[in-house]
K.L.:
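Got a structure for you, written out below as structure tokens; questions coming shortly.
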Amino acid sequence: MTTLVCQDLVEVVTDHLEGALPPADDEAVRAHLAGCDSCRLYVEQMVATAHALHLLGEHPHDPPSVEGPDGAAPA
Amino acid sequence: MEADARPARPLDVGSAPRTAREAELLRALRSGDEQAYADVVARWSTSMLRLARTYVSSEATAQDVVQETWLAVLRGLDGFEGRSSLRTWVYRILVTTAKSRGVRDSRVVPVGSITDEEGPTVDPSRFEGPGPWHRHWTDDGAPRPWRGDPAQGALRAETRRLLEDALADLPARQRAVVVLRDVEGLASDEVCDLLGLSPENQRVLLHRGRAKVRAALEGYLGEDEEVAG
């Protein structure tokens with residue numbers, strides 16, 4: 001399996017969140033995140049950034065659907 | 001330990017369910033309901049201005065573009081076939097209008113470099129040099145937890161200003177993508193279609209834009225200071 005270092009991970013965060021990585025690469029991202037608190041925090045902050053940006057818009061009837069950084073749908 | 005077997009799904013910050021509510025709005029607009037028109041203009045114009053500013057050089061021109069767009073929307077309502085959401089259709093008219101104004105203003109977004117720039121999105125000095133931890137975060141470079149979640153509850157005025165400034169500082173294409181995807185919550189295929197981007201380029205622009213806005217939030221929420229109370 002491909003291994004990934006932090007400096008590579010931060011460049012594929014969006015591809016990961018968008019579900020656009022090939023399965024093997026996505027697996028490498030997940031494996032890295034499972035063992036790296038700093039990268040997990042980075043991904044969470046990218047997600048929080050997107051959600052904060054959404055609050056800028058005018059969406060009175062349109063609450064954001066919140067997902068975790070692993071792309072999991074809300075329960 | 002947090003690893004999860006479920007496949008990653010695109011981060012969906014909230015595309016509107018475009019069914020009953022939109023049909024109702026469309027019916028109201030077509031029947032000449034002035035209150036419905038005033039409401040939708042009030043609700044969407046801020047976002048439309050933000051997007052228009054991506055193409056033209058002044059706030060005043062952007063306001064003209066938004067106004068022209070609403071006129072074109074009213075003229076075209078009967079011909080709207082519902083193949084996209086109403087909002088996407090309105091944005092398409094806006095982009096077309098803004099582009100032609102941008103050409104007159106000679107401020108078209110350059111088509112040369114699709115991604116606007118190259119290089120890493122995180123300062124390389126935040127990662128270790130050669131050695132066993134090569135290219136891992138350094139102790140000082142690693143992200144720190146933020147003081148509070150910027151997306152929790154209502155956006156504070158200060159955070160709102162910071163986000164607006166960070167958006168304004170983005171290169172035009174990144175701004176257009178981040179505004180449509182994150183601020184407006186459009187789906188990626190809608191954004192690709194609206195802006196004429198490939199999915200790959202759209203993701204690159206989104207990534208670079210989000211990374212810069214994250215960095216701006218980090219500067220504001222991540223300061224290493226003791227916060228009392």
Side-chain angles (χ1 to χ4, degrees), chain A residues 3-21 23 25-74, chain B residues 1-4 6-17 21 42-47 50 120-122 124 126-127 134-137 142-146 149-151 154-155 159-160 163-164 167 178-179 181-185 188 199-200 203-204 206-207 210-211 213-214 217-218 222:
Chain A
T3 54
L4 208 60
V5 293
C6 308
Q7 200 171 4
D8 296 327
L9 186 129
V10 296
E11 300 302 344
V12 298
V13 170
T14 304
D15 286 349
H16 168 64
L17 293 172
E18 298 274 294
L21 287 176
D25 294 350
D26 207 65
E27 196 41 56
V29 168
R30 285 163 190 280
H32 183 101
L33 289 178
C36 181
D37 291 346
S38 296
C39 281
R40 212 157 51 232
L41 190 56
Y42 189 84
V43 175
E44 283 166 13
Q45 290 174 350
M46 285 287 267
V47 173
T49 299
H51 286 182
L53 282 164
H54 193 61
L55 295 180
L56 270 188
E58 313 290 318
H59 317 282
H61 306 292
D62 181 14
S65 72
V66 180
E67 292 181 4
D70 61 352
Chain B
M1 60 195 153
E2 294 275 310
D4 186 320
R6 280 172 293 188
R9 265 200 340 166
L11 175 68
D12 178 3
V13 292
S15 338
R21 194 168 65 238
R43 275 213 323 267
W44 292 1
S45 289
T46 310
S47 316
R50 204 181 277 123
T121 56
V122 178
R126 297 178 65 169
F127 300 95
H134 188 38
R135 307 180 70 229
H136 287 257
W137 297 102
R144 302 260 181 278
W146 287 346
D149 179 353
L155 216 46
T159 313
R160 177 172 287 271
L163 290 170
E164 292 282 12
L167 278 177
V178 171
V179 163
R181 283 295 310 277
D182 288 344
V183 182
E184 299 311 319
S188 57
E200 293 73 23
R203 282 198 304 276
V204 171
L206 180 64
H207 180 67
R210 269 186 193 163
V213 179
R214 193 209 73 90
L217 283 173
E218 178 174 56

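In what follows, chains are A, B, ... by sequence order, proteins preceding strands, each numbered from 1.
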K.L.:
Looking at chain B, which one of A:Val12, A:Val13, A:Asp8 has the largest number of heavy-atom pairs inside 4.5 Å, strictly under?
P.N.:
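The residue among A:Val12, A:Val13, A:Asp8 with the greatest pair count is A:Asp8.
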
K.L.:
Go through the atoms of B:Pro199 and report whether side chain, backbone, both or neither lie under 4.5 Å from a heavy atom of chain A.
P.N.:
neither

K.L.:
The criterion is side-chain hydrogen bond (donor to acceptor under 3.5 Å, both in side chains); which residues satisfy it with B:Ser45, sequence neighbours excluded?
P.N.:
B:Trp70

K.L.:
Between B:Val178 and chain A, which part of the residue has a heavy atom less than 4.5 Å away: side chain, backbone, both or neither?
P.N.:
side chain

K.L.:
Using salt bridge (charged side-chain N to carboxylate O under 4.0 Å, His left out) as the criterion, list what pairs up with B:Glu164, not counting sequence neighbours.
P.N.:
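Per chain and number, B:Glu164 pairs via salt bridge (charged side-chain N to carboxylate O under 4.0 Å, His left out) with B:Arg50.
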
K.L.:
Has the side chain of A:Gln7 got a donor or acceptor atom that lies under 3.5 Å from a matching backbone atom of B:His134?
P.N.:
no

K.L.:
Within the 4.5 Å heavy-atom criterion, are B:Trp146 and B:Arg214 side-chain neighbours or not?
P.N.:
yes

